[in-house]
Structure formats: C-alpha cells, structure tokens
Amino acid sequence: MTNNRLEWQSLVPDAAPYQTLFATAPDMAPITFAVTQPRLENGLTLFCHPQSRPRIMTVKAQESRAYLAVIAGVVDTLLPDNEQPVGSHYQIAGTRATLSPALPQGGPFVADTRCLYREWIEPEQLFGRAGLLNGEVVLHPGAVHQVNGGVLILSARTLLAQPLMWLRLKQIISEGLFRWVSPDETRPLPVSIPAMPLNLKLIIVGDRHGLADLNEMEPELVEHGLYGEFEGELPLTEPEDMATWCAYINTLADSQDLPRPAENAWPMLLTQAVRFSGDQGSLPLCPEWITALLSEAALYCEETLLDEKALDAALQAKAWRESYLAERMQDEIELGQILIETEGEVIGQINGLSVLEYPGHPRAFGEPSRISCVVHAGDGEFNDVERKAELGGNLHAKGMMIMQAYLISELDQDQPLPFSASLVFEQSYGEVDGDSASLAELCALISALAQQPINQQIAVTGSVDQFGNVQPIGGVNEKVEGFFEVCQRRGLTGKQGVILPLANLRHLCLQPQVVEAVREGQFHLWAVSSAAEALTIITGVTYADEQQPSLLGAIQDRIAQVTAHERRHLPWFLRWLTWLSRG
C-alpha cells in the first residue's frame with residue numbers, strides 16, 4: 001500500500017521553480033497576440049491582407065464579448081489604413097434617391113470604423129432601414145455601412161438563429177453590393193433606391209457545435225474559407241512558458257485597467273489556473289476567466305498591485321457564495337438520508353465517486369456513491385441494474401462490458417461461470433453515465449465473488465480496459481474533495497483515502513485542507529495503474545498469487561466447489577461424459 005501512496009507535494013502544482021520569475025513578473029512588459037496565438041494570428045493576417053481572396057473566415061472560440069473584443073483588437077491592427085473615405089452618398093429629393101461617391105466630409109453611409117464586432121445583432125441593426133416619412137425617402141445606415149471596407153465579426157449563434165439574415169449577408173458579401181429591401185417581406189419598397197457598392201469581410205466566431213451546425217448549413221465555408229482557432233491553453237514545458245503566461249496576464253490586466261498581480265499572488269494564481277485547466281502542464285489563456293478573476297479580486301485590493309490577501313479573499317467569497325448546493329448534499333449524507341459507509345468492511349460494497357453538475361449552477365462538485373454487488377447461483381449473467389432500468393448511459397454500459405470481459409479473461413474458464421451477479425448504484429434516481437466507476441464496480445464484483453470484504457474507509461475512481469489497466473478519468477479533484485468532506489465531517493481516522501488512476505497525477509490540484517490532511521497523515525491518496533493494485537489496497541489481499549491466498553484463487557476455488565457439487569448430482573453417464581470431455 002505504501003508504494004502507491006502519494007506524498008502531499010504531488011497534490012498541487014509546484015510553484016517553487018518559478019519564485020525568481022514571480023518576483024519580476026509585476027514589471028514584465030505586455031506581449032503581442034502572436035506570442036500566445038501564433039496560428040490564429042497567422043490566419044487573421046492572411047485574411048486581413050488587401051489581396052486575400054476569402055471573404056469569410058471561421059474562428060473556433062467562445063462566443064462571448066471578451067473573445068470577440070480580443071479578436072477585433074488584433075484585426076484592427078492588421079487592417080491597412082484607408083486614405084480615402086469608404087462608402088457612398090445618397091441624395092434624397094422627395095421620393096427619389098440617387099447615389100454618388102462618398103463626400104470628403106463623410107456622411108451616414110461612409111464607414112467610420114475598420115473593425116466591428118457584435119455578440120448579438122438584429123437584421124435592422126445590421127442592414128439599416130429604408131422607408132417613407134411624410135412623402136420623403138428616409139434611409140438609416142446599419143452595421144454593414146459603418147464597417148464598409150473593413151471586417152465584421154459576428155457570433156455563429158446570431159447567424160444560426162436568424163437564417164434569413166445570414167442568407168442576405170452572404171449575398172451582400174459575395175456580390176459586393178448592398179440592395180435595399182422592405183422591412184415587410186409581404187410588401188415591396190414603395191420607391192426604387194439604388195444599390196450601393198459594399199466591400200466587406202466577415203469573421204464568424206463559434207464553438208465546435210456552432211461551427212459544426214454552420215458547416216452543415218454552408219459546407220463551402222470550411223472548404224473554401226479560412227479557419228482559425230483560439231487556443232485555450234498554453235503548454236507548460238519550459239520556464240519560458242511561465243514567463244509568457246505571466247506577461248499575458250499583465251497584458252490582459254492592463255487592457256482592462258486592472259491591477260497587476262503582485263509577487264506573492266502568483267503562486268495562488270497558478271493554483272487556480274491549474275484547477276481551471278485541469279492539468280498541471282497547461283495554463284489557461286481564456287480572457288474571460290482571467291479578467292473575471294482579476295476584476296473580482298480587485299474589489300478587495302487596497303494596494304497598487306493585486307496581492308495574495310485580496311486574491312484569497314475573492315476566492316473564499318466566491319466559493320462560499322456557490323457552496324450552498326454542495327453543502328446540502330453533504331448534509332444529506334451526514335443526516336443518514338444518503339447512505340455512505342466510511343468505516344468497517346463489507347463484502348460486495350464500495351464507495352465510488354461521482355461529479356455532479358446541475359444546469360444553471362456554476363460549479364461542479366464531487367459526491368461519493370455507494371455501489372453494491374450481489375452474487376448468486378446462475379448462468380454467468382452480469383446484470384447492470386442501471387442499464388436495465390434505463391438509467392445507465394451508453395458509456396456506462398460500455399465500461400460494464402469491458403469490466404466483465406476482463407474478469408472472464410482472468411478466470412480463464414472453459415465454461416460459463418456458475419454464478420450470476422447484479423451491480424447497482426444505490427440511491428441513484430437519475431441517469432448514470434461515464435465509465436469512471438468501472439474500476440469501483442470491478443472491485444465490488446470481485447469482492448462478492450471472492451467473498452472478501454472491502455475497506456469502506458477508501459473510495460475508488462477510475463476506468464479499466466480489457467487488460468485491467470486503470471485509465472484516467474475527469475473531475476478527479478472534485479471527486480477526492482467530495483469524499484474528503486464526508487470523512488472530515490465524521491472525523492478523520494488516518495486510514496481514509498481515495499484510490500485514483502496513476503495517469504491522473506498531473507491533474508491533481510486539491511484544496512489546501514485536503515493537502516494539509518495528507519501532509520499530517522490523516523488522509524491518503526493512492527495512485528494505481530492496474531486493477532490488481534487497487535484490489536490489493538482495498539481488500540488487503542493479494543490479487544493473484546499461487547503461493548499464498550489471493551482473490552483470484554478464492555474465486556477459482558469457489559467455482560470449483562460449485563462445479564464439483566453440481567457434478568455429484570449428475571447421472572453417472574453424464575459425469576463420465578464430462579470426465580471424457582476434460583481429457
């Protein structure tokens with residue numbers, strides 16, 4: 001057990017190698033967009049070139065104002081300056097409108113910006129409006145006129161939700177001509193208004209799903225247009241990468257008029273960054289998350305720089321505001337309404353770990369789930385109760401089948417098992433999906449077959465493949481913290497802990513109270529790479545060993561006893577045929 005036990009130092013990212021860097025971080029100069037987004041910057045440069053042929057570009061990024069603003073700022077620096085006014089001039093005389101080149105002093109249909117972005121826009125705001133007022137033509141410009149000769153940036157959901165607007169916009173871009181239409185589709189314009197030349201490029205920003213829907217509607221966008229992607233993370237492989245990230249944080253802080261982080265705030269900021277990215281080797285580049293964190297912490301800041309005290313106060317307040325639902329779930333366990341054992345040993349029962357996400361709730365949190373298995377005489381069928389009750393998803397069913405295949409392969413039987421088993425998530429009243437409980441289910445199944453009790457002070461998470469290798473899972477921090485909270489409320493014994501996949505080590509970034517409990521030996525984490533290691537830890541018995549009692553040996557002995565008992569009750573000629581078939 002001690003060989004798999006983790007030291008407290010591995011539970012959080014190590015900030016020690018960057019202390020010298022953090023001391024100079026507050027004075028770092030801002031960096032350009034190309035430093036953190038070289039691929040996207042290259043695509044935008046090509047798109048903004050005057051001789052670039054594609055008129056439409058798609059960019060994979062979040063469809064929020066923060067992302068649109070960043071992309072618009074880059075585009076504005078890449079576009080060439082227009083020395084001459086871009087647009088046209090309408091001369092109105094009653095119900096007659098004529099078109100002429102733009103006047104030097106400008107006008108309503110002369111572009112006043114080179115790049116314009118909108119998170120959401122209505123057709124009238126985009127195209128303007130034409131009509132008659134007191135017998136005279138009235139023309140109101142739209143966003144396309146404001147940005148004539150430049151780049152318009154829109155979200156994919158705006159275009160998907162308004163397909164007629166998208167079709168008209170696409171026609172304007174492809175023809176290079178803006179035609180006035182009636183706001184009432186059932187009635188044409190009462191007067192004839194000349195179409196005006198319009199030179200426009202469009203960047204569509206959307207997530208994977210939005211761009212996929214757009215591509216299904218307009219496949220030529222991806223086939224013939226430019227594509228870019230806002231990279232959400234910066235790989236942390238060299239010290240220079242941390243320096244780049246620090247400079248990037250300073251750049252965002254300066255652009256939003258926020259205080260830069262002080263030297264003592266950087267280690268805490270690094271911890272929060274790893275929790276957000278879910279990987280100790282990745283630093284988030286999300287401008288929305290970074291500016292939101294700095295903005296909230298700035299409210300608690302009394303110094304020129306954002307210090308550790310202000311950042312910690314903001315984080316504590318945020319966690320407290322969002323903790324109501326998680327606390328109520330923990331109260332249910334403490335009051336015995338959700339049955340979770342954290343002491344003793346039970347055959348065929350184990351504490352699995354789940355991550356709960358509720359629509360509209362900003363934070364996912366972990367909660368232990370009691371998984372039980374019962375075994376009885378049968379024909380070797382494994383009953384997944386969740387699946388049969390139509391509460392188990394496809395991924396959960398896949399994990400169950402893989403787990404069963406591994407066990408059958410390990411037992412190496414030339415005939416079906418003389419047992420049937422039933423596995424269930426106790427007190428689950430919604431859909432169960434994902435394969436992250438397959439290791440726990442395998443442990444419960446083997447415990448029931450071997451009649452070897454499981455230590456209830458230990459929870460298990462991880463998925464298994466057909467060879468018994470333990471694979472990484474998501475939400476490992478939330479899962480560990482959820483079980484720790486249950487144990488802490490009942491009193492830490494020094495023997496409680498969580499078994500997790502070895503491959504999840506790089507994802508660990510636990511709360512300070514968990515790290516402190518591990519440091520003091522009051523709570524433990526074990527990292528395993530195989531199901532055999534997990535079973536040995538949780539039962540205290542070797543998984544497979546011909547020289548001493550083992551779990552696999554106990555199962556094979558039990559199968560042999562049942563088979564021998566069944567043979568004694570067979571007629572003599574069937575026993576003789578069975579003996580012949582075995583050679």
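Computed from a predicted structure; not experimentally measured.
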Kindly determine whether Ser463 and Ser436 satisfy side chain to side chain donor-acceptor pair (under 3.5 Å), including the steps that lead there.
CA-CA 5 Å; Ser463 68; Ser436 64; over 6 Å; no

Before giving the answer on side chain to side chain contact (heavy atoms under 4.5 Å, CB included), spell out for Leu154 and Tyr117 the whole-Å C-alpha distance, their side-chain angles and the decisive distance to 0.1 Å.
CA-CA 6 Å; Leu154 297 177; Tyr117 71 91; over 6 Å; no

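- Between Trp289 and Phe276, the ring-plane angle classifies as parallel under the 30° and 60° cut-offs.
- Contact detail for Cys246 and Met28: the closest heavy-atom pair is CB-SD, 3.8 Å.
- How far CD of Gln62 is from SG of Cys286: 4.5 Å, rounded to the nearest 0.5 Å.
- Between Glu533 and Arg5, none of the side-chain N atoms (NZ, or NE/NH1/NH2) sits under 4.0 Å from a carboxylate O, so this pair counts as no salt bridge.
- Within the model, atoms CG of Leu285 and CG of Leu234 stand 5.5 Å from one another, a figure rounded to the nearest 0.5 Å.
- Contact record, Val355 with Gly475: CG2-O, 3.6 Å, taken as the closest heavy-atom pair.
- Here the side chains of Gln349 and Ile454 are not in contact, with every heavy-atom distance at 4.5 Å or above.
- For Tyr406 and Phe467, the distance between ring centers is not under 6.0 angstrom.
- With Leu311 as reference, Leu293 is the one residue of Leu294, Asn264, Leu293 to meet the side chain to side chain contact (heavy atoms under 4.5 Å, CB included) rule.
- Side-chain polar atoms of Tyr543 and Glu410 form a donor-acceptor pair below 3.5 angstrom.
- Between the side chain of Asn250 and the backbone N or O of Ala25 there is at least one donor-acceptor pair closer than 3.5 Å.
- Under 4.0 Å is where a charged nitrogen must lie from a carboxylate oxygen, and between Arg260 and Asp254 at least one such pair does.
- Side-chain atoms of Ile347 and Pro453, non-hydrogen and from C-beta on, do get closer than 4.5 Å to each other.
- The shortest distance between side-chain heavy atoms of Pro287 and Phe230 falls below 4.5 Å.
- Between Glu296 and Lys318, no side-chain nitrogen of the basic residue sits less than 4.0 Å from a carboxylate oxygen of the acidic one, so the salt-bridge criterion is not met.
- With hydrogens and angles ignored, the 3.5 Å screen pairs a side-chain donor or acceptor of Asp241 with a backbone N or O of Thr237.
- With Gln466 contributing its side chain and Met403 its backbone, the two residues share no donor-acceptor pair below 3.5 Å.
- Ser550 contributes atom OG, which lies 8.5 Å from atom CD1 of Ile555 (distance to the nearest 0.5 angstrom).
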Is there a side chain to side chain contact (heavy atoms under 4.5 Å, CB included) between Val59 and Ile204 once you walk through the steps?
CA-CA 6 Å; Val59 175; Ile204 304 173; over 6 Å; no

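- Taking the side chain as every heavy atom from C-beta outward, Ile31 and Tyr248 approach each other to under 4.5 Å.
- The side-chain heavy atoms of Ile446 and Leu535, taken from C-beta on, include a pair separated by under 4.5 Å.
- None of Ile499, Ile473, Val498 except one satisfies the side chain to side chain contact (heavy atoms under 4.5 Å, CB included) rule with Leu353; the exception is Val498.
- Open room surrounds NE2 on His209; 12 or fewer heavy atoms of other groups in view lie less than 6.0 Å from it.
- More than 12 heavy atoms of other shown residues, nucleotides or ligands fall within 6.0 angstrom of atom NZ in Lys60.
- Side-chain contact between Leu283 and Leu270 is present, with at least one heavy-atom pair separated by less than 4.5 Å.
- With rounding to the nearest 0.5 Å, the separation of CD in Glu345 from OG1 in Thr539 is 9.0 Å.
- Annotation: cation-pi pair Arg65/Tyr67 absent, no NZ/CZ under 6.0 Å from the ring centroid and within 45° of its normal.
- At least one donor-acceptor pair closer than 3.5 Å links the side chain of Thr24 to the backbone N or O of Leu21.
- The residues Arg363 and Glu327 are annotated as not salt-bridged, no charged nitrogen and carboxylate oxygen being separated by less than 4.0 angstrom.
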Kindly determine whether Glu119 and Arg157 satisfy salt bridge (charged side-chain N to carboxylate O under 4.0 Å, His left out), including the steps that lead there.
CA-CA 9 Å; Glu119 192 175 358; Arg157 64 168 167 259; 3.4 Å; yes

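- Proximity of Trp245 to Trp266: side-chain heavy atoms (C-beta onward) are separated by under 4.5 Å at one or more points.
- Residue Gly352 comes nearest to Ile371 through the heavy atom pair CA-CD1, 4.0 Å, listed as atom of the first residue, atom of the second, then distance.
- The backbone N or O of Thr493 lies less than 3.5 Å from a partner atom in the side chain of Gln496, making a donor-acceptor pair.
- In this structure, the side chain of Asp465 engages the main chain of Gly468 through a donor-acceptor pair within 3.5 Å.
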Check the pair Arg490, Ile333 against side chain to side chain contact (heavy atoms under 4.5 Å, CB included), reporting the backbone distance first and the verdict last.
CA-CA 10 Å; Arg490 294 178 175 179; Ile333 296 175; 3.6 Å; yes

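- Considering CD of Gln457 and CD1 of Ile538, their distance stands at 11.0 Å, rounded to 0.5 Å.
- At distances below 3.5 Å, at least one donor-acceptor pair connects side-chain atoms of Ser438 with backbone N or O atoms of Val464.
- Minimum interatomic distance between Ala15 and Pro267 (heavy atoms only, all atoms of both residues): CB-CB, 4.0 Å.
- One finds the NE2 atom of His376 at 6.5 Å from the OG atom of Ser422 (value rounded to the nearest 0.5 Å).
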Please walk me through it: do Ser372 and Glu426 pass side chain to side chain donor-acceptor pair (under 3.5 Å)?
CA-CA 7 Å; Ser372 64; Glu426 304 287 0; 2.4 Å; yes

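- Leu500 is not listed as a side-chain neighbour of Val470, based on a closest heavy-atom distance of 4.5 Å or more.
- Pairing each heavy atom of Pro501 with each of Gly462, the nearest pair is CG-CA, 3.7 Å.
- Judged by distance alone, with hydrogens and angles left aside, the side-chain atoms of Arg370 form no donor-acceptor pair with the main-chain N or O of Phe425 at under 3.5 Å.
- In Glu322, the CD atom is crowded: over 12 heavy atoms of neighbouring residues, nucleotides or ligands sit closer than 6.0 Å.
- Listed for the His524 side chain is no donor-acceptor partner under 3.5 Å among the backbone atoms of Val518.
- Between Phe365 and His361, the angle of the ring planes goes over 60°, which puts this pair in the perpendicular group of the 30/60° scheme.
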Leu510 and Val480: CA distance, side-chain angles, deciding distance, side chain to side chain contact (heavy atoms under 4.5 Å, CB included) verdict:
CA-CA 8 Å; Leu510 296 167; Val480 171; 3.9 Å; yes

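- At distances below 3.5 Å, at least one donor-acceptor pair connects side-chain atoms of Asn351 with backbone N or O atoms of Gln456.
- Ion pair Asp331/Arg489 flagged as a salt bridge, since at least one NZ, NE, NH1 or NH2 atom sits closer than 4.0 Å to an Asp/Glu carboxylate oxygen.
- Across all non-hydrogen atoms, the minimal contact from Phe483 to Gly497 is CE2-O, 3.4 Å.
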